[in-house]
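Keep in mind that what you see is a predicted model, and the values were worked out from it rather than measured. Note that ligands are numbered from 1 as they come in the structure, with each ligand's atoms numbered from 1 the same way.
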Amino acid sequence: MSLKGKVAIVTGGNSGIGMSITLELAQQGANVVIDYVAHPEATEALEQKIAALGDQAIGVDADVSKVADLQKLVDAAVQKFGRVDIMVNNAGVETRTSVLDTTEAQYEKVLEINLKSAFFGTQLAALQMIKQGGGGRIINITSVHEDWPMPGNTAYCLSKGGMRMLTRTAGVELATHNILVVGVGPGAVATPINLSTMKDPALMKHLDAAIPLGRMAKPEEIASVVAFLAGDGASYMTATTVFADGGMMHSSPGL
Ligand code: BGC
């Protein structure tokens, strides 16, 4: 229970990697504000699962592409649990479109949900952490594609590249407040964002072959890295990204 008494916010916390992060942080003793925009029933089921662990969680319906909604998450954490110690900027989408065919609407959607939300999530959580004192942790869920091109997924790569520099720059800026900002860069993970690949056996074979560990990650294998970065063991880590990609980034182009 290394996070006993800590208060966390997880954006996109009711599905995919976000759901595993929520559960892992709760299992480690944290109270969690679960942000969601869709599937309230999934959020409710998650709250109940967490309640069964003896911990507390609340679901908050918030669209993280809107700054006012991000503030709603911070306010909910303060109101219900008294503070914010850990902000996980996890919400993310992709359109799988190239530089030649991405529309303005697709560009805006990806950049707003992935990057704008992480920027203002960082800002609002940091302001609260400074107000309450004692530092905090901001964890940005990026991707191997914060650094590594994925042809046919341009806006996504752009957003993740932006998160990379957000992590580094905010990490440097906020260090004097003992607010540590780190990125977690997964490779391919078995979550809804990769559903179309997972439904295609030929593509899966190709993908598995491109990963040195020979398989996609389970979402729990990313959540455990996040929990480590939120805890005491990571007290000297900031302005950097930890990759959990089964070696993928060093072996092939994105698939
Ligand atoms: C993307 C997936 C892709 C994976 C590995 C992830 O960040 O969301 O679409 O399969 O990276 O390339």
Side-chain angles (χ1 to χ4, degrees), residues 10-21 35 37-38 64-65 88-103 106-119 121 139-168 182-226 229 240-255:
V10 183
T11 69
N14 76 338
S15 81
I17 296 174
M19 179 154 81
S20 286
I21 294 171
D35 152 68
V37 270
V64 293
S65 66
V88 185
N89 292 310
N90 162 77
V93 292
E94 63 185 26
T95 51
R96 296 271 183 142
T97 51
S98 80
V99 71
L100 295 178
D101 58 27
T102 300
T103 64
Q106 285 171 324
Y107 175 95
E108 283 177 357
K109 181 176 173 189
V110 173
L111 270 289
E112 286 188 6
I113 294 176
N114 299 6
L115 182 58
K116 182 184 168 192
S117 76
F119 182 90
I139 301 169
N140 293 321
I141 308 304
T142 71
S143 164
V144 287
H145 300 298
E146 70 164 46
D147 193 41
W148 185 39
M150 182 172 181
N153 212 359
T154 322
Y156 180 79
C157 291
L158 189 57
S159 72
K160 297 298 178 179
M163 288 176 80
R164 173 189 177 87
M165 283 315 290
L166 169 66
T167 301
R168 280 149 187 69
V182 286
V184 174
V189 187
T191 66
I193 210 170
N194 282 312
L195 213 56
S196 58
T197 306
M198 284 152 71
K199 278 188 190 150
D200 183 335
L203 212 53
M204 273 306 287
K205 208 169 150 201
H206 195 42
L207 177 66
D208 288 346
I211 303 170
L213 285 184
R215 61 175 178 84
M216 281 180 142
K218 292 180 255 166
E220 307 88 85
E221 293 176 297
I222 308 303
S224 55
V225 178
V226 174
L229 291 171
T240 192
T241 302
V242 176
F243 291 102
D245 69 342
M248 185 187 199
M249 200 178 170
H250 297 291
S251 74
S252 72
L255 293 166

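- Residue Glu94 touches ligand 1 through its side chain alone, judged by heavy-atom distances below 4.0 Å.
- With hydrogens and angles left out, the side-chain atoms of Glu112 and Ser117 include no donor and acceptor closer than 3.5 Å.
- A 6.0 Å sphere centred on NZ of Lys109 holds no more than 12 heavy atoms belonging to other residues, nucleotides or ligands.
- Formation of a donor-acceptor pair under 3.5 Å by the Asn140 side chain with backbone atoms of Asn90 is not found in this model.
- Taking the side chain as every heavy atom from C-beta outward, Thr11 and Val88 never approach each other to under 4.5 Å.
- Atoms of ligand 1 lying under 4.0 Å from at least one heavy atom of His145, given by number and element, are 4 (C), 5 (C), 6 (C), 7 (O), 11 (O), 12 (O).
- For ligand 1, the atoms closer than 4.0 angstrom to any heavy atom of Ser143 are 6 (C), 7 (O), 11 (O).
- Interface of Met248 with ligand 1, defined as ligand atoms under 4.0 Å from a residue heavy atom, comprises 5 (C), 12 (O).
- Not a single donor-acceptor pair under 3.5 Å links the side chain of Asn194 to the backbone N or O of Thr197.
- Residue Asn194 touches ligand 1 through its side chain alone, judged by heavy-atom distances below 4.0 Å.
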